[in-house]
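Predicted model only: the values in this text are computed from it and were never measured. We count residues from 1, following the sequence as given.
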Amino acid sequence: MVVEQADLSARLEAARDLEVENLGTAINATRRAELMWVPNADGSHDILQWYTQGNESSVVIADLGSGEHRRVDIPHERFLRSPGLSAATVVGPKGRLYIGTTSQRGIELFVYDPSSNQLENRGAIVPDLNVGRVSFALGTDGMIYGTGTAKDLGKPKLFRLHPKTGAVKVLGVVGPSHLPYQGHGGSIAACGDDVYVASGRVPWFVVRWQKSTGKQTVLLKTARVGSHARVLRRGATCFARVRPGTLSGESRAGAPDEVYRLEAGKPVSTEASAVPAQNTTRPRVRVDRADAHSGGAAEISYLPRGAKEDAPWSVLKFSVPTAPARILRIAALSDGRLFGTVENYQGAFLWDPRSSRVERLGTMPLSHYSTVVHGDTAYLSGYPNAAVLAFDPSQPWTVTRGAVRGGSPDLPGANPRRLSYLKEHTGAHKMFCGVKLGARIYFGGMWVRHGNGGALGWWDLGQGAAGGVWKPFVNRRIEHMAALERPNLLVLSTSNTVDVTRRSKKPAEASVLFFDVEKKEIVASVTPVSGAKRTGPIVALGNEKLMGITRDPKAPRRAAVLYGIDAVVRKLAWQVQLPSAIRLHPRQLEFDFVVGPDGRVWTFLDNRLVAIAPDDARIEVLGVVRRPGRIAFVGEDLYIAGEADLRRVAGVATAAPVGASNPPSR
């Protein structure tokens, strides 16, 4: 029976600072971003290796012909936002490299001159395009054409840059609208009188924009799900490559790209072999030691031009600014240690409470969203392509990003070892949550870029094979999950979304779904809060009860509501209105909802740490935490992420479990 708690607001207000022990910074680092290549007139190459940390950027410029290198720091007010994710590059006249990226002030332009090894920041050239991806292309007329994202129009915007004068002219928006999705120019090519833009993401269009008339024509359109299109120029000819889908919205896995030659504004089907290969002869480079650790030391190795394979590699040694990296996720391992990862792919670490020691493991080969610990192995998933990796914490970490030899998670004996890309089975790009049920590790998430709905994937421990489904979730994204061992069901907490296949309507409200893993179908659903767009985090309390938390759209400030579900009859059992609002995005880093060793559910209401009794929902207010974060228990000690320093509240939970089963993944 749920108890009345009329004094909860007063107890939350009266809470005092919790005694939190600061265990120190886990990782000092900076994010290594894109490596850019610039050909020199003599056949050698320069490279630009970018680094970002918060709002600061640095670039190491190296001439691989002479071996000279230097670092340029980008001031706070002019920085690259996620180079490699939103940056565009094109080699223009006189061999200069034009770099475009979104900054707070619009599309920011950098120009690198290899003849002088100088980098020039020309500032914002198109002020209203400050989100999404930028694309550049050099036209046969010597002009540079670009696209950026017109945020509220669902279309890319086309512009032209005159290399000699630096003048920029906005030519207008391109193609049909992609609303309610953002539309961007994924690629661009310019031949003669025509500029071609591959506009995406749902669906993709290949659009012709005619310079002389300004007329636009849609030449190609893809399926709405599982497809992709891009355009490119080779010599004086432009081509389009299309990854096909079907009208039913299913991707054609393994199907070859369809290739078209774009002649006088018309697509002509052709063979892939008709597209000339691009001459990209470059020196061999190793960047497995280019990730800066504490102190900022880093290095790049390269094999000089013309050197034999067995020749010694040249090494560029340098330093870049580093800063404490925020801890995003933590999980308790079976050996009593804590596994954690920090922001921006900057690394993973182990914390050993017995020695009070942090061990930095190495850089992450994925953006880590979910961990499932089973036995002596931690199964990791996230983004991109919903990769699944198996990490054995008893063995050395071997993975490094960008290594030419070794360091790949796909190599035999790698740790962590990549087991599969669940995208191949589910279409999903991001996996937010996971649990073990039976002989499988399950992960749930969503499509990105080439679709919109949810997906459920798994790794079968016995068969050593992956699988997944997505059709039951075309209009519901999976954001949290729990497992019921009897009767072998997954419980999926979802958010409602538009079905891009247009075969079903967007649900009016979000539901908790009961999914039969043998039948691979939804067998029941519960709507815990009327009108809610998300059902929020959920946990299983044994095999008969579930507890969840979400926002009530009808409450003041959309305050949180706690709810219980009877897992036997699969109906809502109770609700408790809470006085605090919560954040519910599945990537939320300053909130958590987990079962502790005492069987209670631990979470945050604003910045108050609370524990909720599983039987009557009685809430104990533990105290104020300066900045909440993801949490994990090792014995009776509670660990908190969310800052660069790992934090601990010692002895906060008794070790007398009430019987919780399969807590959600971290």
Residues F432, Y369; criterion ring pair (Phe, Tyr, Trp, His ring centres under 6.0 Å); working and verdict: CA-CA 5 Å; F432 293 125; Y369 297 158; 5.6 Å; yes
Derivation and outcome, side-chain contact (heavy atoms from CB on, under 4.5 Å), residues V285 and I300: CA-CA 7 Å; V285 168; I300 293 176; 3.7 Å; yes
W50 and F110: CA distance, side-chain angles, deciding distance, ring pair (Phe, Tyr, Trp, His ring centres under 6.0 Å) verdict: CA-CA 13 Å; W50 289 91; F110 293 78; 5.8 Å; yes
side-chain hydrogen bond (donor to acceptor under 3.5 Å, both in side chains) evaluation trace for H429 with N385: CA-CA 4 Å; H429 215 33; N385 300 322; 3.2 Å; yes
Intermediate values then yes/no, side-chain hydrogen bond (donor to acceptor under 3.5 Å, both in side chains), Y145 and R160: CA-CA 5 Å; Y145 295 87; R160 182 179 64 210; 4.5 Å; no
N452 vs R477, side-chain hydrogen bond (donor to acceptor under 3.5 Å, both in side chains): CA-CA, chis, key distance, verdict: CA-CA 8 Å; N452 200 52; R477 296 171 172 173; 2.8 Å; yes
Pair H178-F205, ring pair (Phe, Tyr, Trp, His ring centres under 6.0 Å): steps then yes or no: CA-CA 10 Å; H178 295 273; F205 303 101; 5.2 Å; yes
Worked verdict on T149 versus H184 for side-chain hydrogen bond (donor to acceptor under 3.5 Å, both in side chains): CA-CA 5 Å; T149 301; H184 74 269; 5.1 Å; no
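Look at R284 and E309 and you find a salt bridge, because one of the NZ, NE, NH1 or NH2 atoms lies within 4.0 Å of a carboxylate O, short of that distance. D352 and R337 are not joined by a salt bridge, as no carboxylate oxygen comes within less than 4.0 angstrom of a charged side-chain nitrogen. In summary, E643 and R627 do not engage in a salt bridge, as defined by a charged side-chain N under 4.0 Å from a carboxylate O. A salt bridge between D288 and R286 is present, with a side-chain N of the basic residue lying under 4.0 Å from a carboxylate O of the acidic one. One finds no salt bridge joining D291 and R289 here, because no Lys/Arg side-chain nitrogen approaches an Asp/Glu carboxylate oxygen to under 4.0 Å. A salt bridge links R122 with E120; the closest basic N to acidic carboxylate O contact falls under 4.0 Å.
Between H228 and W204, the distance from one ring center to the other falls under 6.0 angstrom.
R329 has its side chain within reach of L589: a pair of non-hydrogen atoms, C-beta onward, lies under 4.5 Å apart. For the pair P321 and R71, the minimum side-chain heavy-atom distance is below 4.5 Å. Looking at heavy atoms from C-beta onward, W37 lies in side-chain contact with R282 at the 4.5 angstrom threshold. A heavy-atom distance below 4.5 Å is found between the side chains of F443 and L422. In this structure, S381 and L389 have side chains that are not in contact, with every pair of non-hydrogen atoms separated by 4.5 Å or more. Within the 4.5 Å cutoff, the side chain of I327 has no heavy atoms near those of the R630 side chain. Side-chain contact between L171 and K169 is present, with heavy atoms from C-beta onward closer than 4.5 Å. Residues V388 and Y421 have side chains not in contact (no heavy-atom distance under 4.5 Å, counting atoms from C-beta outward).
How far CD1 of I640 is from CG of L638: 5.0 Å, rounded to the nearest 0.5 Å. Note that the CZ atom of R360 and the CG atom of L350 stand 13.0 Å from one another [nearest 0.5 Å]. In this structure, CZ in R233 is found 11.5 Å from CD1 in I188, a value given to the nearest 0.5 Å. The distance from the CG atom of N40 to the NE2 atom of H45 is 8.0 Å, given to the nearest 0.5 Å. Remark: M431 CE to S370 OG distance equals 9.5 Å, nearest 0.5 Å. One finds the CG atom of L411 at 11.5 Å from the CZ atom of R417 (value rounded to the nearest 0.5 Å).
Counting heavy atoms of neighbouring residues, nucleotides and ligands inside a 6.0 Å radius, atom CD of E68 does not exceed 12 of them. At most 12 non-hydrogen atoms from other residues, nucleotides or ligands lie less than 6.0 angstrom from CZ of R583. Summarising the local packing, CZ of R626 is surrounded by 12 or fewer heavy atoms from other residues, nucleotides or ligands at distances under 6.0 Å.
Side chain to side chain, N415 and T398 fail the donor-acceptor criterion of an N or O pair below 3.5 Å. In this model, a donor atom of one side chain and an acceptor atom of the other lie less than 3.5 Å apart for S58 and D73. Y51 and R32 share no side-chain donor-acceptor pair at under 3.5 Å.
Taking every heavy atom of both residues into account, A88 and F136 meet most closely at CB-N, 3.7 Å. In terms of heavy-atom proximity, A387 sits nearest to R418 at CB-CD, 4.1 Å. The nearest pair of heavy atoms linking L303 to P312 is CD1-O, 4.1 Å.
Taking the six-membered ring where tryptophan is involved, the planes of F391 and F339 are tilted, since the angle between them lies from 30° to 60°.
Put simply, the residue from P304, S301, P283 that forms a side-chain contact (heavy atoms from CB on, under 4.5 Å) with W313 is S301. Screening N121, I125, I99, V134 against E108 for a side-chain contact (heavy atoms from CB on, under 4.5 Å) leaves a single residue, N121.
A donor-acceptor distance shorter than 3.5 angstrom exists from the side chain of R234 to the backbone of P276, with no hydrogens or angles considered.
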